[in-house]
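In each ligand, atom 1 is the first atom listed, and ligand 1 is the first ligand listed. In what follows, residues are counted from 1 in the order of the sequence shown.
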Amino acid sequence: MQVRIAHDAPAAVRAGALVVPVFSDGELTGAAKAVDAALGGAIADVLASGEIKGKPVELALVHAKDQPFRRVLVVGLGESGKLEAKALARYAGAAVRYLGRRNIGEIAIALPPQAAGHEAAFASCVAEGAIAGSFDTTAYQAKPEKKTAVDTVVILSDGFDAKAVETGMNRGVIVGESVNFARRLALTPANDMTPTILADEASRAARTFGLDVEIFDEPRIREEQMGSFLSVAQGSAQPPKFIVLRYNGDPGSKELLALVGKGITFDTGGISLKPPDRMEEMKYDMSGGAGMIAAMSAIARLRPKLNVVGLIPATENMPGGKATKPGDIVKAMNGTTIEVINTDAEGRLILADALCYANKLGATKIVDAATLTGACVIALGHAASAVVTNDDAFVKQFLAAADATGERYWHMPLYDDYTSAMKSDIADLKNTGGRPAGTLTAGAFLKTFVGETPWIHLDIAGTAYLDGESAWQAKGPTGTPVRALVAFVESLAKS
Ligand code: BES
Ligand code: MN
Ligand code: ZN
């Protein structure tokens with residue numbers, strides 16, 4: 001999909017449809033007011049009729065015979081005084097999905113008056129949301145039903161700072177495309193998204209966008225003594241890969257941010273086999289890794305002044321004849337021994353070695369993302385990702401950056417109690433801490449591998465993919481945490 005800027009007045013724009021915002025309070029403003037005048041009060045009529053009230057992502061289509069724009073899609077943005085830029089992603093996404101299903105190819109999107117003075121932020125969200133709304137889930141279908149016809153989106157800059165609109169739009173295109181890249185990797189079934197294919201995708205992105213890439217195969221992983229990672233991989237016929245992506249945006253600095261993502265391309269549970277109900281969703285268990293590959297791609301394109309390394313341990317978790325058995329004791333890269341109580345708690349086993357490797361590279365900050373625990377879905381549902389940390393100031397900066405993106409994160413505690421729950425009788429650690437606070441005992445396990453390095457762990461088990469579609473988003477993978485990571489990296493580069 002192409003996103004560009006146009007300077008036409010809204011009522012004069014040539015398009016298959018013109019998208020204008022309305023609010024649940026007050027009079028028509030901005031583009032809605034101008035277009036309403038051109039149509040003899042047709043938009044005011046829609047609101048007066050009560051067909052929509054202007055609440056967020058309420059939609060009404062008005063045909064505009066004889067106008068250069070052929071239709072107007074009126075989209076609610078809620079209370080005018082409470083509008084934030086991030087609402088514009090849903091506004092644009094809902095418009096693209098609604099019009100795209102009605103075979104409309106080119107649409108023009110108006111900004112609300114509140115964008116004045118914040119043009120870059122608003123335009124970024126419009127571009128990102130429009131591209132995310134066009135995400136294609138039909139690659140495997142002979143006769144796709146849900147394909148979007150929208151191939152061109154024009155953002156109208158009339159009345160705004162056009163330069164800032166363009167800057168924001170360019171950023172939003174990169175974020176939206178990166179979000180869809182992560183979603184495509186996650187949506188692709190595990191037979192077509194093996195560790196080898198995931199590594200190939202990472203290499204291709206690195207080549208395209210200018211990142212350094214190294215793929216460790218099994219002998220190299222063994223050389224690094226990543227025994228915890230290998231203990232998960234040994235049950236699978238697919239060879240594991242350890243993906244390393246590097247972006248050197250500040251060569252003079254010793255600061256290095258590591259982005260570590262769980263890359264389980266399929267999680268059967270291993271010998272502690274999962275029940276069959278919804279096991280197919282475990283193709284999404286590489287969402288953290290996909291998010292980090294996509295975030296690294298976005299970083300390469302946005303070029304912030306910062307050094308970043310992406311680390312993605314990638315393997316299947318299978319119950320093959322060589323698989324790790326409950327009770328086995330394995331050794332992580334830093335020498336820590338781990339008693340594997342439950343082979344389904346595999347994410348923390350592969351992340352343990354990746355976190356050790358981040359420290360070996362000299363990371364000064366670490367963020368990891370993983371679909372780590374079912375307990376996270378019990379605690380927060382699909383409404384937010386859980387965050388734990390060893391550094392409260394670091395998490396504060398992350399939460400501030402993430403807030404502007406529409407992705408939601410909730411900071412949870414890491415009391416020593418949770419670390420104690422991970423003590424083994426005969427090894428240094430065990431890999432499960434019982435049913436209570438499963439997200440936090442998993443976090444406490446990871447914490448023991450990061451040492452003193454400021455670190456944030458994101459449990460995205462409830463947010464990486466969704467069971468249903470919404471007005472602005474297809475069913476399936478969401479692209480979480482790409483938006484938040486990009487915003488966070490930008491904020492780190494500025495501080
Ligand atoms: N990948 C799962 C976690 C998961 C569950 C993600 C549901 C998304 C939806 C993870 O590897 C896992 O199986 N965790 C276990 C840990 C337990 C054995 C301590 C879990 O949550 O049941
Ligand atoms: Mn598991
Ligand atoms: Zn898993």
Side-chain angles (χ1 to χ4, degrees), residues 186-187 190 193 195 198 228-229 231-233 235-236 238 240 260-291 312-319 323-328 338-354 368-386 388 412 418-419 421-424 429-446 457-468 476-478 480-481:
L187 185 67
M193 193 48 64
L198 187 65
S228 186
F229 175 33
S231 79
V232 176
S236 169
Q238 290 291 338
V260 178
K262 172 177 174 181
I264 295 290
T265 59
F266 196 83
D267 183 9
T268 67
I271 296 299
S272 313
L273 194 63
K274 287 183 179 295
D277 191 41
R278 298 164 73 120
M279 202 209 272
E280 73 280 4
E281 291 182 358
M282 286 301 117
K283 71 175 179 179
Y284 295 132
D285 213 20
M286 34 58 78
S287 294
I312 300 95
T315 176
E316 293 181 334
N317 184 24
M318 297 286 283
T324 294
K325 301 163 289 295
D328 288 1
I338 306 162
E339 185 185 9
V340 179
I341 301 298
N342 188 324
T343 64
D344 198 11
E346 85 296 342
R348 63 199 74 182
L349 293 175
I350 71 168
L351 291 173
D353 280 329
D368 81 71
T371 46
L372 203 63
T373 63
C376 185
V377 190
I378 302 301
L380 294 169
H382 304 286
S385 308
V388 298
M412 308 237 262
Y418 307 133
T419 314
M422 303 307 291
K423 290 233 160 77
S424 160
L429 291 173
K430 53 185 181 179
N431 79 329
T432 62
R435 297 252 297 164
T439 302
L440 309 179
T441 52
F445 177 94
L446 297 178
H457 160 61
L458 310 174
D459 194 330
I460 57 171
T463 52
Y465 59 94
L466 297 173
D467 204 13
T478 60
T480 301

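- Of all the atoms in ligand 1, the ones that sit under 4.0 Å from a non-hydrogen atom of Ala461 are 6 (C), 8 (C).
- The closest approach of Asp267 to the Zn ion (ligand 3), by N/O/S atoms, is made by OD2.
- Between Ala375 and Thr439, the shortest heavy-atom contact is C-OG1, 3.4 Å.
- Here the protein heavy atom with the shortest distance to atom 2 (C) of ligand 1 is Asp267 OD2, 3.6 Å.
- Counting atoms of ligand 1 from 1 in the listed order, those under 4.0 Å from a heavy atom of Thr371 are 1 (N), 2 (C), 3 (C), 6 (C).
- When you scan the N, O or S atoms of Glu346 for the one nearest the Mn ion (ligand 2), you land on OE1.
- Using a 4.5 Å cut-off on side-chain heavy atoms (C-beta onward), His382 and Val377 make contact.
- Checking only distances, Thr373 never comes within under 3.5 Å of ligand 1, N or O to N or O.
- Contacts between Asn431 and ligand 1 below 4.0 angstrom, taking non-hydrogen atoms only, are absent altogether.
- Nearest N/O/S atom of Glu346 with respect to the Zn ion (ligand 3) is recorded as OE2.
- Of the heavy atoms in Lys274, only side-chain atoms (C-beta onward) come closer than 4.0 Å to ligand 1.
- Each of the atoms 11 (O) of ligand 1 lies under 4.0 Å from some heavy atom of Glu346.
- In this structure, the side chains of Thr480 and Ser385 come closer than 4.5 Å at one or more pairs of heavy atoms.
- Looking at Thr371, Asp459, Ile460 one by one, the single match for side-chain contact (heavy atoms from CB on, under 4.5 Å) with Cys376 turns out to be Asp459.
- Not one N/O/S atom of Asp285, from backbone or side chain, sits under 2.8 Å from the Mn ion (ligand 2).
- In this structure, Thr343 contributes its side chain and Ser272 its backbone to a donor-acceptor pair below 3.5 Å.
- The N, O or S atom of Asp285 lying closest to the Zn ion (ligand 3) is OD2.
- Under 4.0 Å from ligand 1, the heavy atoms of Lys262 that appear belong solely to its side chain.
- Among Asp285, Thr324, Val340, Thr315, the single residue meeting the side-chain contact (heavy atoms from CB on, under 4.5 Å) criterion with Glu346 is Asp285.
- Annotation for Pro195 and Ala314: closest pair CB-O, 3.6 Å, computed over non-hydrogen atoms.
- When only interatomic distances are considered, the shortest N/O to N/O separation between Asp344 and ligand 1 falls below 3.5 Å.
- Contact annotation for atom 22 (O) of ligand 1: protein absent (non-hydrogen atoms, distance under 4.0 Å).
- Side-chain N or O atoms of Asn431 include one that pairs as donor or acceptor with a backbone N or O of Ile341 at under 3.5 Å.
- Shortest non-hydrogen contact noted between Ala379 and Met412 is CB-CE, 4.3 Å.
- Across all their heavy atoms, Ala323 and Met318 have their closest contact at CB-O, 3.7 Å.
- In terms of polar-atom proximity, Tyr465 is not counted as a contact of ligand 1, lacking any N or O under 3.5 Å from an N or O of the ligand.
- When side chains are defined from C-beta on, Ile338 counts as touching Phe445, because their heavy atoms get closer than 4.5 Å.
- Any N or O atom pair closer than 3.5 Å counts here, and Thr432 shares no such pair with ligand 1.
- Counting backbone and side-chain atoms alike, Lys262 contributes an N/O/S atom closer than 2.8 Å to the Zn ion (ligand 3).
- Against a heavy-atom cut-off of under 4.0 Å, Arg348 is close to the following atoms of ligand 1: 16 (C), 19 (C).
- Note on Asp267: its N/O/S atom closest to the Mn ion (ligand 2) is OD2.
- If you check which protein heavy atom lies closest to atom 18 (C) of ligand 1, you get Asn342 ND2, 3.4 Å.
- Closest non-hydrogen pair, Gly476 versus Tyr284, comes out as CA-OH, 3.9 Å.
- Considering Ala442, Ala345, Gly433, Gly288 only, the shortest heavy-atom separation from atom 17 (C) of ligand 1 involves Ala345.
- Polar contact with ligand 1: absent for Met282 (N/O pair, distance under 3.5 Å).
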